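What you see is a predicted model, and the numbers here were worked out from it, not measured in a lab.
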Amino acid sequence: MARGRKSLNRTSAAIEGGDASEDKPSKTALKREMTARQKLGEALVMLSERELEKMPIADERLHEVIQQARAISSHSAKRRHLQYLGKLMRDIDPAPLQAALDELHQRHRDAAEVFKGLEAWRDRLLDEGNAAIDVFLADYPHAERQKLSQLVRQHQREMAQARPPAAARKLFRYIREVIDTD
């Protein structure tokens with residue numbers, strides 16, 4: 001019974017007096033934060049040169065380590081270098097980098113969505129023919145009916161002759177041109 005009182009007393013003392021450990025984050029939270037920063041560093045390494053130039057990297061040493069990590073081909077050496085990159089990331093504020101990276105990823109998602117929409121229009125025009133052309137012209141009145149019809153007919157001839165789908169590619173480019181000017 002004395003044993004139960006001791007643990008109860010310790011628990012109530014921690015609640016009443018407030019533990020000093022409440023002010024600092026737990027080891028798990030710190031590890032999670034360090035892992036997140038290392039993953040952010042890894043994401044920076046995976047960017048293209050043009051994309052990396054757009055990132056707000058103020059620390060020249062960090063920029064240099066990112067460039068070095070790109071040149072390493074050995075798996076274990078790259079892993080160690082990425083850990084070092086994560087260590088450097090602890091000294092900077094990751095919020096601006098994360099925001100810029102999120103914006104970049106959003107632009108990629110938006111571009112992919114636009115591309116899927118263009119493909120959907122192309123496929124619909126090729127499958128449905130004149131009915132789809134009428135719908136397309138209702139949405140994009142500045143498009144040329146004759147050019148759309150010509151490309152659809154050309155695609156049908158190519159498919160009948162088992163030739164490569166050059167007309168489908170031309171139609172895709174024309175749809176992109178029409179939608180971009182809209």
Side-chain angles (χ1 to χ4, degrees), residues 3-124 136 139-140 142-143 169 171-182:
R3 218 171 163 160
R5 285 188 201 161
K6 277 187 179 179
S7 67
L8 184 63
N9 288 340
R10 275 192 230 138
T11 307
S12 61
I15 292 172
E16 290 172 9
D19 221 353
S21 65
E22 290 178 11
D23 297 339
K24 59 182 181 178
S26 67
K27 282 185 178 181
T28 305
L30 289 173
K31 178 138 179 145
R32 209 175 298 130
E33 178 69 22
M34 288 187 294
T35 303
R37 287 182 185 219
Q38 184 171 343
K39 287 194 183 295
L40 178 61
E42 290 173 16
L44 292 173
V45 169
M46 300 304 291
L47 295 176
S48 70
E49 193 63 39
R50 265 179 64 203
E51 293 169 335
L52 187 61
E53 289 173 4
K54 296 176 184 177
M55 293 293 129
I57 301 174
D59 188 0
E60 187 59 37
R61 186 176 52 158
L62 181 64
H63 195 288
E64 184 180 316
V65 170
I66 290 171
Q67 294 295 343
Q68 290 170 352
R70 291 171 162 200
I72 298 172
S73 60
S74 169
H75 178 70
S76 57
K78 190 166 198 158
R79 183 183 52 80
R80 285 190 304 273
H81 203 75
L82 289 174
Q83 287 176 336
Y84 176 62
L85 177 62
K87 180 181 176 185
L88 291 178
M89 294 287 293
R90 293 180 207 159
D91 299 334
I92 65 163
D93 180 22
L97 284 173
Q98 187 64 52
L101 198 60
D102 290 344
E103 181 183 331
L104 179 68
H105 288 306
Q106 185 60 44
R107 279 192 301 227
H108 285 294
R109 284 190 293 273
D110 293 345
E113 196 64 36
V114 167
F115 188 82
K116 286 179 185 177
L118 294 172
E119 284 181 327
W121 267 118
R122 180 203 55 206
D123 294 344
R124 184 173 176 190
F136 186 79
D139 289 347
Y140 303 99
H142 59 283
R169 289 190 289 272
L171 180 61
F172 181 84
R173 285 192 294 268
Y174 181 67
I175 293 168
R176 183 174 52 203
E177 178 185 311
V178 167
I179 291 177
D180 285 346
T181 58
D182 192 35

Query raised in the report: So, for Glu33 and Pro94, which heavy atoms are closest and what is the spacing to 0.1 Å?
Result: OE2-CG, 4.4 Å
Query raised in the report: Tell me the salt bridge (Lys or Arg N to Asp or Glu O under 4.0 Å) pairs involving residues 67-81, sequence neighbours left out?
Result: Glu49-Arg70
Query raised in the report: Can you say whether the rings of Tyr140 and His142 are parallel (under 30°), tilted (30 to 60°) or perpendicular (over 60°)?
Result: perpendicular
Query raised in the report: Is the closest side-chain heavy-atom distance between Ile66 and Leu47 below 4.5 Å?
Result: no
Query - Minimum-distance pair of heavy atoms, taken over all atoms of Pro56 and Ala100 - result: CD-CB, 3.5 Å
Query raised in the report: Which pair of heavy atoms, one from Gly41 and one from Met89, lies closest together, and at what distance?
Result: N-CE, 4.1 Å
Requested in this report: Please tell me if the side chains of Gln67 and Val45 come closer than 4.5 Å, counting only heavy atoms from C-beta onward.
Outcome: no
Report task. Answer yes or no: is there a side-chain heavy-atom contact under 4.5 Å between Ile57 and Leu52? Result -> yes
Enumerate donor-acceptor pairs with a distance under 3.5 Å from any side-chain N or O in residues 102-122 to protein atoms, sequence neighbours excluded.
{"residue": "Asp102", "atom": "OD1", "partner": "Gln98", "partner atom": "NE2", "Å": "2.9"}
{"residue": "Glu103", "atom": "OE2", "partner": "Arg107", "partner atom": "NH1", "Å": "3.4"}
{"residue": "Gln106", "atom": "OE1", "partner": "Arg109", "partner atom": "NE", "Å": "3.4"}
{"residue": "Gln106", "atom": "OE1", "partner": "Arg109", "partner atom": "NH2", "Å": "2.9"}
{"residue": "Gln106", "atom": "NE2", "partner": "Asp110", "partner atom": "OD1", "Å": "2.9"}
{"residue": "His108", "atom": "NE2", "partner": "Glu51", "partner atom": "OE2", "Å": "2.9"}

Requested in this report: Begin with the C-alpha distance, continue with both residues' side-chain angles, and end with the deciding distance and a verdict on side chain to side chain contact (heavy atoms under 4.5 Å, CB included) for Val65 and Lys87.
Outcome: CA-CA 11 Å; Val65 170; Lys87 180 181 176 185; over 6 Å; no
Query - Point-to-point distance, once rounded to the nearest 0.5 Å, from CG of Leu82 to CD of Gln38 - result: 6.5 Å
Requested in this report: Search all heavy atoms of Ala143 against all heavy atoms of Phe136 and return the closest pair with its distance.
Outcome: CB-CE2, 3.8 Å
Query raised in the report: Got Leu85 and Leu44 here, is their nearest side-chain heavy-atom distance under 4.5 Å?
Result: no
Report summary line: Here the gap from Glu53 atom CD to Ser48 atom OG, rounded to the nearest 0.5 Å, amounts to 8.5 Å
Query - Atom of Ile92, atom of Arg37 and distance for their closest heavy-atom approach - result: O-NH1, 2.9 Å
Report summary line: On a heavy-atom basis, the closest approach of Pro25 and Leu30 is CG-CD2, 3.8 Å
Report task. Check the pair Asp59 / His63 against side chain to side chain contact (heavy atoms under 4.5 Å, CB included), numbers first and verdict last. Result -> CA-CA 7 Å; Asp59 188 0; His63 195 288; over 6 Å; no
Report summary line: dist Ser26:OG -> Arg32:CZ (nearest 0.5 Å) comes out at 6.5 Å
